[in-house]
Number of protein chains: 2
Amino acid sequence: MAADLSILSDSPLFKSISAEEILKVLERVPYKIRKFKSGSLIAQTGDRLLSFHLILSGSVKGEMVDYAGRIIKIEDVHAPHAIAAAFLFGDRNIFPVNVVTTSDTRILVIDKDDFLRLLGNDKRILSNFLDMMSNRSQFLSDKIKFLNFKTIKGKLAQFILQRTTPERPSFRLEMTQSDLADYFGVARPSVARAVGELEDEGCIEASGKQILVTDRKRLLQMTDD
Amino acid sequence: MAADLSILSDSPLFKSISAEEILKVLERVPYKIRKFKSGSLIAQTGDRLLSFHLILSGSVKGEMVDYAGRIIKIEDVHAPHAIAAAFLFGDRNIFPVNVVTTSDTRILVIDKDDFLRLLGNDKRILSNFLDMMSNRSQFLSDKIKFLNFKTIKGKLAQFILQRTTPERPSFRLEMTQSDLADYFGVARPSVARAVGELEDEGCIEASGKQILVTDRKRLLQMTDD
DNA sequence: GGTAAATTGTAACAAATGTTACAAAATCAG
DNA sequence: CTGATTTTGTAACATTTGTTACAATTTACC
């Protein structure tokens with residue numbers, strides 16, 4: 001049976017590899033496709049992670065359960081991206097979160113050893129996978145840099161500076177203030193307050209989700225404190 | 001010339017590979033060895049990163065310069081570990097920090113393409129490198145979890161819990177409160193205050209740098225808030 | 001276009017942390 | 001041992017952020 005694997009062309013793992021080639025590669029590697037209804041628990045925190053998982057269709061979320069039993073959403077992953085790829089290798093091969101499907105979902109599963117063989121056999125896939133891992137690390141590093149800024153205004157200023165240049169001083173915020181608050185690890189009204197203060201001080205002008213930097217120098221000064 | 005490469009047996013990249021085999025592998029891969037005096041600037045933030053770097057002897061530190069021109073030490077790397085391996089791949093191949101030697105240092109350098117070939121040719125080295133990248137991500141994830149604890153008491157509780165078990169409830173703090181404050185990214189007197197409060201509440205007993213956990217359950221409860 | 005839902009702005013107040021300062025205690029160097 | 005230096009405990013007060021609540025605004029959907 002020829003399951004629908006066409007989406008793999010859009011996956012970072014198979015970047016710049018044609019659909020036919022992908023199929024040819026997969027013929028030489030044992031894999032399974034697992035199907036889940038929306039809302040299924042795919043894996044729990046602490047489960048052994050022994051296979052590479054890639055979402056073919058649908059989406060999942062990662063959740064943590066804290067000591068008080070509260071559930072905290074960590075992140076969403078959509079097709080055609082991989083799940084917990086950073087935990088397949090290394091010294092701690094366990095799911096760091098509960099994984100729950102948020103829609104009907106099909107997942108491509110390749111055992112770790114087979115996956116390693118796949119990487120060894122195809123330079124492009126290897127290179128793509130290394131890129132994925134690196135990007136993940138870089139993302140996490142950036143996040144840490146943010147969390148280390150002391151004030152919310154500092155975090156916000158840094159965030160805005162990264163998305164603009166003196167030549168293109170305007171950008172569109174593609175997330176809600178609530179998302180931004182989660183990203184910064186602060187409360188949502190505090191973000192709104194910080195935005196308001198940056199406006200009052202004449203550093204930016206915000207209309208809806210469009211943000212215009214009007215005093216880049218002052219913004220820069222806020223990133224240390 | 002036979003440079004001293006024996007230390008490579010201890011490197012995570014060549015884990016469980018014999019010294020002779022390592023030499024054999026390196027014969028098939030172009031590499032260079034660069035030597036630096038203590039205190040040399042090896043790379044600056046933003047420099048293109050196009051080669052794999054591994055410290056053969058000596059040590060380096062990564063430094064950031066903030067807007068005010070202050071220098072902040074980010075981390076130390078010693079032989080036989082790799083430098084900025086997570087930034088060799090991915091979409092941003094630049095040094096994230098200034099790299100400065102902290103002692104006389106020799107560094108093994110392999111161009112990215114050659115390094116990729118090396119990974120493709122040897123399953124064990126590939127697996128080791130993936131482990132290194134994964135461990136890095138896992139380390140960063142943990143650090144983020146740490147920084148996300150809202151209260152200083154929460155961070156401190158987590159810190160203490162990580163260093164004790166129900167069986168060995170006591171440990172010696174090998175750093176000053178000032179170091180701890182830097183690690184948490186908070187002010188020094190705030191750490192002192194948090195320690196005092198944990199004592200008052202009967203969770204721990206601190207005498208000098210020796211810390212004894214007396215109510216592990218309560219400590220656990222503090223790690224959420 | 002109109003209604004429901006999500007997002008944003010704002011305020012009052014509580015809680016946590018920072019800042020500064022100083023004295024007590026511990027550690028170090030000779 | 002002793003004086004100097006570092007580290008720690010503590011306090012008063014300022015600042016920042018969180019919490020809660022609600023209204024205004026925007027967005028999504030029918």
Side-chain angles (χ1 to χ4, degrees), chain A residues 61 66 68 70 72-73 76 102-103 146-160 171-212 219 221-225, chain B residues 66 68 70 72 146-160 171-212 218-219 221-225:
Chain A
K61 62 181 171 184
D66 71 13
R70 281 176 305 219
I72 305 164
K73 193 177 90 176
D76 285 310
T102 49
S103 60
F146 263 115
L147 290 171
N148 269 331
F149 280 113
K150 296 216 188 349
T151 65
I152 296 179
K153 260 157 81 174
K155 295 178 207 222
L156 188 57
Q158 175 73 7
F159 184 86
I160 293 172
F171 78 104
R172 188 169 184 74
L173 189 59
E174 296 298 355
M175 51 200 322
T176 67
Q177 285 188 1
S178 203
D179 295 335
L180 207 52
D182 285 346
Y183 183 61
F184 290 165
V186 302
R188 199 272 309 166
S190 300
V191 172
R193 181 161 42 197
V195 172
E197 284 171 10
L198 285 186
E199 278 192 301
D200 292 348
E201 295 169 30
C203 298
I204 63 171
E205 284 169 19
S207 68
K209 295 211 166 305
Q210 199 69 26
I211 291 178
L212 170 68
L219 268 190
Q221 274 163 3
M222 307 209 149
T223 61
D224 59 10
D225 24 335
Chain B
D66 72 12
R70 282 175 305 217
I72 304 164
F146 217 83
L147 291 169
N148 265 333
F149 281 113
K150 295 216 188 355
T151 65
I152 296 178
K153 261 157 81 175
K155 295 179 206 218
L156 189 57
Q158 176 73 6
F159 184 86
I160 292 172
F171 78 104
R172 188 171 185 74
L173 189 59
E174 296 298 356
M175 51 201 320
T176 67
Q177 286 188 1
S178 204
D179 294 334
L180 206 53
D182 285 345
Y183 183 60
F184 290 165
V186 302
R188 199 272 310 167
S190 300
V191 171
R193 181 161 41 198
V195 172
E197 283 171 11
L198 286 186
E199 278 192 301
D200 292 347
E201 295 169 29
C203 299
I204 64 170
E205 284 168 19
S207 68
K209 295 212 167 304
Q210 198 69 27
I211 292 178
L212 170 69
R218 267 174 79 86
L219 269 189
Q221 275 166 2
M222 309 213 145
T223 60
D224 58 10
D225 22 333

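Chain A is the first sequence line, chain B the second, and so forth, proteins listed ahead of strands; every chain is numbered from 1. Computed over heavy atoms, backbone and side chain alike; hydrogens, waters and symmetry mates excluded.
Going from atom CD1 of Ile211(B) over to atom P of dT8(D) covers 10 Å, rounded to whole Å. In this structure, the CZ atom of Arg193(A) is 14 Å from the P atom of dT20(D), given to the nearest Å. Atom CE of Met222(A) is separated from atom C1' of dT15(D) by 15 Å (rounded to the nearest Å). Nucleotide dT7(C) holds its C1' atom 13 Å from the CZ atom of Arg172(A), rounded to whole Å. Between Leu198(A) atom CG and dG9(C) atom C1' there is a gap of 15 Å when expressed in whole angstrom units. Residue Lys150(A) contributes atom NZ, which lies 14 Å from atom C1' of dT15(D) at whole-angstrom precision. Across the protein-nucleic acid pair, Gln210(B) atom CD and dT8(D) atom C1' stand 17 Å apart, rounded to whole Å. Remark: C1' of dT7(C) and CG of Leu173(A) are 12 Å apart, rounded to the nearest angstrom.
Checking dT20(D), dG18(C), dT8(D) against every side-chain atom of Pro189(A), the shortest atom distance belongs to dT20(D). Nearest nucleotide to the Ala192(A) side chain, out of dT8(C), dT10(C), dT16(D): dT10(C). Among the nucleotides dT8(D), dT19(C), dT19(D), the one closest to the side chain of Lys209(B) is dT8(D). Out of dA12(D), dT8(D), dG9(C), the shortest distance to the side chain of Arg188(A) is found at dG9(C). Closest approach to the Gln177(A) side chain among dG9(D), dT8(C), dA11(C) is made by dT8(C) (side chain taken as heavy atoms from C-beta onward).
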- Dump the intermediate steps for side chain to side chain contact (heavy atoms under 4.5 Å, CB included) on Phe184(A) and Asp179(A), then the final yes or no. CA-CA 9 Å; Phe184(A) 290 165; Asp179(A) 295 335; over 6 Å; no
- Message: Run the side chain to side chain contact (heavy atoms under 4.5 Å, CB included) test on Leu212(B) and Ile204(B) for me, step by step, so that the C-alpha distance in whole Å, both residues' side-chain angles and the decisive distance to 0.1 Å come before the verdict.
- Response: CA-CA 5 Å; Leu212(B) 170 69; Ile204(B) 64 170; over 6 Å; no
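Partners of Ser178(B) under the side-chain hydrogen bond (donor to acceptor under 3.5 Å, both in side chains) rule, at least two apart in sequence or in another chain, do not exist in this structure.
Ranked by how close their nearest DNA chain D nucleotide is to the 5' end, Ser190(A) and Glu199(B) are led by Glu199(B).
Under the side chain to side chain contact (heavy atoms under 4.5 Å, CB included) rule, Lys209(B) has a single partner from Arg172(B), Glu174(B), Met175(B), which is Arg172(B).
Val195(A) comes within 4.0 angstrom of nothing in the nucleic acid, heavy atoms only.
With values rounded to the nearest 0.5 angstrom, Gln158(A) atom CD is found 13.5 Å from Met222(A) atom CE.
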